[in-house]
Engineer: 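Take a look at this one; I'll ask things after.
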Number of protein chains: 2
Amino acid sequence: MTLKDNLHAFFHPDAVAVIGASSTPGKVGHTVVTNMLSAGYTGKLLPVNPKGGVIEGLPVTTDINDLPRGLDLAVIAVPPKFVVEAVRELGKIGAKSAIVITAGFKEAGKEGYDLEEDLKEVCGEYGISLLGPNCLGMMNGAAGVNASFAAGQPGLGSIAFFSQSGALCVAILDWALGANIGFSKFVSLGNKAVLDEADMLEYLNRDEATKVILGYIENVEHGEAFLKEARRASLNKPVIMIKSGTTAAGAKAASSHTGAIAGSDQSYNAAFHQSGVIRVGDVATLFNLAQAFSSQPLPKGPNLAVVTNAGGPGILAADAADRSRLSMAELSPRTIEKLQEFLPSYAAFYNPVDIVADADAKRYRQTLDVIGEDPMVHSILVLLTPTASVDIEKAAEAVVRTARRWAKPVFACFMGKTKVAGARKMLMEAGVPCYAFPEPAVHSIETMYQYYLWKHRPEPEYAEVTRDMEAVRKVIDDHLRRRQAEVVEFEAQQVLRAYGLPTPRTRLARTSDEAVAAAEEIGYPVVLKIASPNISHKTDVGGVAVNLVNAREVMETFKEITARAQRMRRDAYIAGCLVQEMAPPGVREVIIGFKRDEQFGPMLMFGLGGVYVEIMKDISFKLAPLSKQDAFEIVREIKSYMLLKGLRGEKPVNFAALERIIVVMSRLAQDLPEVLEAEFNPILVNNERALVADVRMTLRV
Amino acid sequence: MTLKDNLHAFFHPDAVAVIGASSTPGKVGHTVVTNMLSAGYTGKLLPVNPKGGVIEGLPVTTDINDLPRGLDLAVIAVPPKFVVEAVRELGKIGAKSAIVITAGFKEAGKEGYDLEEDLKEVCGEYGISLLGPNCLGMMNGAAGVNASFAAGQPGLGSIAFFSQSGALCVAILDWALGANIGFSKFVSLGNKAVLDEADMLEYLNRDEATKVILGYIENVEHGEAFLKEARRASLNKPVIMIKSGTTAAGAKAASSHTGAIAGSDQSYNAAFHQSGVIRVGDVATLFNLAQAFSSQPLPKGPNLAVVTNAGGPGILAADAADRSRLSMAELSPRTIEKLQEFLPSYAAFYNPVDIVADADAKRYRQTLDVIGEDPMVHSILVLLTPTASVDIEKAAEAVVRTARRWAKPVFACFMGKTKVAGARKMLMEAGVPCYAFPEPAVHSIETMYQYYLWKHRPEPEYAEVTRDMEAVRKVIDDHLRRRQAEVVEFEAQQVLRAYGLPTPRTRLARTSDEAVAAAEEIGYPVVLKIASPNISHKTDVGGVAVNLVNAREVMETFKEITARAQRMRRDAYIAGCLVQEMAPPGVREVIIGFKRDEQFGPMLMFGLGGVYVEIMKDISFKLAPLSKQDAFEIVREIKSYMLLKGLRGEKPVNFAALERIIVVMSRLAQDLPEVLEAEFNPILVNNERALVADVRMTLRV
């Protein structure tokens, strides 16, 4: 029995048992039965209660063992202490799925936590797909299923909604009833003991009744599964989610910049962004977008045309477009010519097209016919101010006609409330989203365009990374054996070389004489850096000296640096100094790091060295594995990108070399799960090459 | 006759004439008469039309000359070509105010523009306060005035609204009728030939019926008057405005960084911010805030308490608070003790206070009584999910009771739609704003808190700046006489010294020998800079060399720099080089500049030198004159402020010295209207002092 089959049985059950069914109105075990009946369920509905009797005209089964073998779905509403046993009995008769409405599990302290662990175990043993515990239930109106204790049932629609918060389910159901919004599936996830958001995404992606998937979550249960299912679903239909609780998780104190900066909210942002999930901050936007996506085609380009019968609202719309990723379409000369044929001379023929206050519905229709045809226009927003001259319902008909005629998204903003109420209802029913003011309309079109871009990205390409894993494992295993968490620079560089990463020529010098010999071999000028496994921020102990031009300077500096470091860190083991080739001229310093997110695995970060990362927080993030395209993007997503591109005639840095280092670090992060955090800092990059000049790695020992 | 008197007559007319009154329903001249009648106007209503007769039972005056002397208000709805003459005749009989509804003026091309100029002139001649032309009219329901051709009249309320867009007036009227929002005054500004937003602010500030002022504008007519009236009004009551058309204005190409970066939208932002006007981006937020401000007291601190009967919505609210300038209140131990007396053990006693799903209205009331009393709580948000256990109307009563009992803002978010409809209506009627979701509620409270902070700022203190105006005028006048727009550095430095600004010791050297002599006098190391009135970006021609340590270096560099500059700019006059004292160690480079905004006068900008301004756009703006507090703020509003405060044990820069330079530049900008733009770049600042190392000034010649 696979999960897929189970989920079909779950949403389309031929038989549903209600464990803990009751004949007392107001009790959950009674509401579930009546909800199923009022939803028009035509399968077998089987109330179960040891007391027996009849509930709502249905004979009561007294024992779970008397239920049919291979039961599709059981809804459980018995006190917490009886739940595990009930599920076990259901397992024994081969039940496929269950909903535990009962609360008092993980959310209710230690005892409940243990109960929930037992519940998981039993479900695992019998292969039961279980929703909850501590949830409102599930609805699939098309199958006549309302397996919940909610009050009221929304209509049918093409929007699926799942929520980790039962309270939000209650509120949204009530709101949807008032706003006349229908659902294809409605799921209260509860504690997510077994079924979680990834399972929902997997099923709803396949579900033909669902055009748009909405979700509210407070955390993701299984990062990897979530990323996989979210990406697959997003490629097929829009997935729009709220992730709350962003502050509680907070960033943990960590030893590297990467660690300190990459808080958990960034990893959620990266996870949503990379898997194509549209993240929104509030419920109103969630449903605005749901409506837009479920009724209109995606815009195939950024160019928005605005048609209006009033200047002010047109400006508001153009402003909103300018703040977004959309552009105001430049109308083709042919379009403008055609408009001139029938629009009055005082109309505005550029975009926004202002057909002015005396416009009637016919003028709307004529204008929209011409605008719709213009291939430079990718989306259309029709604004209407209720003037005396316009028949508002007729204008709405013209908008609907345009929406039906062209495969372009058409949105309306009929301003006001009472006078436009009839037209707005017409538009909504005809699938044209209609707003009271222009800004949210523009935001919806923008989001649809961004989704279009994401959906039509090229397939990700992953770079081949050849590496000497034997050499790498030796360094890592040595450290693990010695329980040494910090990989000392010189050994970390062996790892870099094993990955074929370019590093400055470096020698470890134990004495000042060795330092001079190394410098002579490398060639002046050189850099000296303190070498100690116990010192991670070298500059804090004055442990770095650059531009040493002769033997005398190298010798004196060696003594100075090692003595100072020992004085400042009495317990540190000082191995000596690294003698390193000096950076070539014209370089920029960049940082590439990763930390391992608990949920989503390695998250890479990129930024320019020094204050850009520390003060300006000008950093971009992506989850591993990074494709070539991801590496291209991560270096271009920072504001200080212009510094890499070159100012005033400077040559650009060697981006290909930089991007190569990024994909190699992504590979390294995946190869070595023992590495908790790593940072290449600085990477010196100029027009010719990119060198990893320093590296820090922290192991889980 | 003062404007103040006129505006009283305008809004509270004892007699209103309708010029161009008509007996034909549907005509503007008819609608105005019927609108006045249906608004219940009890003064003298005087239709005027040469045809005479009776309109809606009122005898028609055939000649403006027959109207009573000193008429309070005339509404004009005659064709454009007759408007100026009508206003002149009104002037002759001493009419105080007029509304020109007629369109076809400035907005309709050259001819209309000239007509509007004539109109202004006549109004000036006779002292007529004129609204429009090209507007919808004005309403003051409390005085029974609806001097507009709008359809429908909204109820009474404490919100005043004025708008530059007539279309937006139409849309908002219709929307307000549906949403049951009332107005104290409602004004369509039209072309603003005479009365503009500043006049409205002046009047509405004094208007006792108005608690909140809302406005929509596309531009400000008179910057100085606007700033003055906006500040005065904001100190008294909240002023909330939309300024659209931010993109059309655009930033002009300009010669300095200040010029290029300080687009017109920044100056509007600075103007609104400094005058306390709350700028919003969309109409929905405008009215959300209007409702909040008009019904609830301001929060006296940032601490928000959230009471909820469900976890999810509580998290959404806490997240929103965390993203805002509010903090989640830390409840006092006494409060928590009291809560423990009656809340069940599984409730959450920290904030958000989760009184859990089985809460009834009594539990809400008890909890709110305790929370309201806690002095650490400055504002309260009550969330309710419509569970079966709660009597929603009773809970609403508890919320209202709390709002009445404590002088703290109380907001509600009763989630859902149908079930909470009754309670929501109760709350709104009792003056407790109620939202469907938590985020906009938190945003409203945040905005009220920011306004509270602005309102309670200390009175601005302006620094005394002594300066030698004679020396300054000499430099400026010399340049004006020579029609030389760029003030060459050496002479610009004379201006700085006249203002007592600290500058590095500098000598102008015409020859390499003079340069060496100057360097010997100043002391090595020195800086050489090309001196030419025609070269404003010295580094573009390699015209700056630093750290020259001896006579030989000075001599060679002088020759090199001057030769290169002449080669690169063949037409430039090269005066020689400036020899300058080298910057002290440990300095940061900052830029202070100003450009003269057409509307609002000098706008100062502050940022760290180099990439921080150019690439990161990390700049703060303020309009002159800057108070000491403004100078304090402008240096702390940039992200890179941390670099000035000092990293890792560095000493902070001398902020007092920096702030002094800023207020002096503000003074300079006001003293010298001929200076279009100026830039101190760089200012070198360390822990001890701040030096203006280079300066550029551009004159209007």
Engineer: With respect to chain B, which residue among A:Gly416, A:Ser165, A:Gly312 yields the maximal number of heavy-atom pairs within a distance under 4.5 Å?
Structural biologist: A:Gly416

Engineer: Which bit of B:Leu173 comes within less than 4.5 Å of chain A, counting heavy atoms only: side chain, backbone, both or neither?
Structural biologist: neither

Engineer: Do you know which of B:Ala150, B:Gly26, B:Ala171, B:Ala310 has the most heavy-atom pairs under 4.5 Å to chain A?
Structural biologist: B:Ala171

Engineer: Side chain, backbone, both or neither: which part of A:Leu384 has a non-hydrogen atom closer than 4.5 Å to chain B?
Structural biologist: neither

Engineer: What distance separates B:Ser148 OG from B:Asn35 CG, expressed to the nearest 0.5 Å?
Structural biologist: 5.0 Å

Engineer: About how many Å separate SG of B:Cys413 and CZ of B:Arg424, when rounded to the nearest 0.5 Å?
Structural biologist: 8.0 Å

Engineer: By a 4.5 Å heavy-atom criterion (distance strictly below it), what part of A:Phe437 contacts chain B: side chain, backbone, both, or neither?
Structural biologist: side chain

Engineer: Of the backbone (N, CA, C, O) and the side chain (C-beta and beyond), which part of B:Thr418 lies under 4.5 Å from a heavy atom of chain A, both, or neither?
Structural biologist: both

Engineer: What's the shortest heavy-atom distance between A:Ala423 and A:Ile392, and which atoms?
Structural biologist: CB-CG2, 3.5 Å

Engineer: May I ask you to decide if A:Ser244's main-chain N or O and A:Glu218's side chain share a donor-acceptor pair within less than 3.5 Å?
Structural biologist: no

Engineer: In terms of heavy-atom pairs under 4.5 Å with chain A, which of B:Glu439, B:Gln164, B:Glu107 leads?
Structural biologist: B:Glu439

Engineer: Under a plain distance cut-off of 3.5 Å, with no hydrogens placed, do A:Asn288 and A:Ser444 share a side-chain donor-acceptor pair?
Structural biologist: no

Engineer: Flag the one option from A:Val170, A:Leu168, A:Val283, A:Leu177 with the top tally of heavy-atom pairs under 4.5 Å to chain B.
Structural biologist: A:Val283

Engineer: Heavy-atom cut-off 4.5 Å, strictly under: side chain, backbone, both or neither for A:Asp540 against chain B?
Structural biologist: side chain

Engineer: Are any side-chain N or O atoms of B:Arg279 and backbone N or O atoms of B:Lys243, one a donor and one an acceptor, separated by less than 3.5 Å?
Structural biologist: yes

Engineer: Check this for me: does any side-chain nitrogen of one of B:Lys106 and B:Glu111 sit under 4.0 Å from a carboxylate oxygen of the other?
Structural biologist: no

